[in-house]
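Let me begin by presenting the structure, written as structure tokens, before commenting on it.
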Amino acid sequence: MTVAAMWEARAADGRGAELAAWVREVALPALRGSAGLERTELFGASGDRVLLITWWTAEPVPVADPPAELIGRPVHRWSFVSAHVE
């Protein structure tokens, strides 16, 4: 079974690049080596939103919250179980 864990944050005004850098420099290194971690992808979107998707074959390790000054609202988190792949 594969679980996709999604972590999404909206940056404080004008701080999208800093938030993405925090994910690359802090959040991703903290996940490396975690049991069951298969893949990670980092996305950016309009509105200074940053999305991290991680794929797991074990229970997902939660991604930490970024420093409060980097975010414009609380982080959103969801987990999904793979239902179909082609």
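Here the structure is a predicted model, which means the values were calculated and not measured.
Remark: side-chain polar atoms of R49 are not paired, donor with acceptor, to backbone N or O of E8 under 3.5 angstrom.
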Please determine whether side chain to side chain contact (heavy atoms under 4.5 Å, CB included) holds for the pair L19 and I71, giving the CA-CA distance in whole Å, both sets of side-chain angles, and the decisive distance to 0.1 Å. CA-CA 8 Å; L19 179 59; I71 58 175; 4.3 Å; yes
With side chain to side chain contact (heavy atoms under 4.5 Å, CB included) as the test, would you mind laying out the steps for D65 and R77 before giving the verdict? CA-CA 10 Å; D65 283 338; R77 293 173 173 87; 2.6 Å; yes
Given side chain to side chain contact (heavy atoms under 4.5 Å, CB included), test L52 with L28 step by step and report yes or no. CA-CA 9 Å; L52 176 64; L28 287 176; 3.7 Å; yes
Evaluate the side chain to side chain contact (heavy atoms under 4.5 Å, CB included) criterion for residues V50 and W22: first the C-alpha distance (whole Å), next the side-chain angles of each, then the deciding distance (0.1 Å), finally the verdict. CA-CA 10 Å; V50 176; W22 179 88; over 6 Å; no
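Among pairs with a residue in residues 28-70, none fulfils ring-ring contact (aromatic ring centres under 6.0 Å, His included), at least two apart in sequence or across chains.
The side-chain heavy atoms of D48 and D13, taken from C-beta on, include no pair separated by under 4.5 Å.
Both V26 and V75 sit in one connected hydrophobic cluster of ILVMFWY residues. Membership requires side-chain heavy atoms under 4.5 Å apart, directly or through other members. L42 and L51 fall into different hydrophobic clusters, where Ile, Leu, Val, Met, Phe, Trp and Tyr side chains are chained together by heavy-atom contacts under 4.5 Å. Hydrophobic clustering places I53 together with W78 (ILVMFWY residues linked when any side-chain heavy atoms are closer than 4.5 Å, directly or through intermediates).
Going from atom CZ of R10 over to atom NE2 of H76 covers 8.0 Å, rounded to the nearest 0.5 Å.
In terms of heavy-atom proximity, A9 sits nearest to R73 at CA-NH1, 4.5 Å.
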Validation: residues 29-40 side-chain donor-acceptor distances under 3.5 Å, sequence neighbours left out:
from : atom 1 : to  : atom 2 : distance (Å)
S34  : OG     : L31 : O      : 2.6
R39  : NE     : E41 : OE2    : 3.3
R39  : NH2    : E41 : OE2    : 2.2

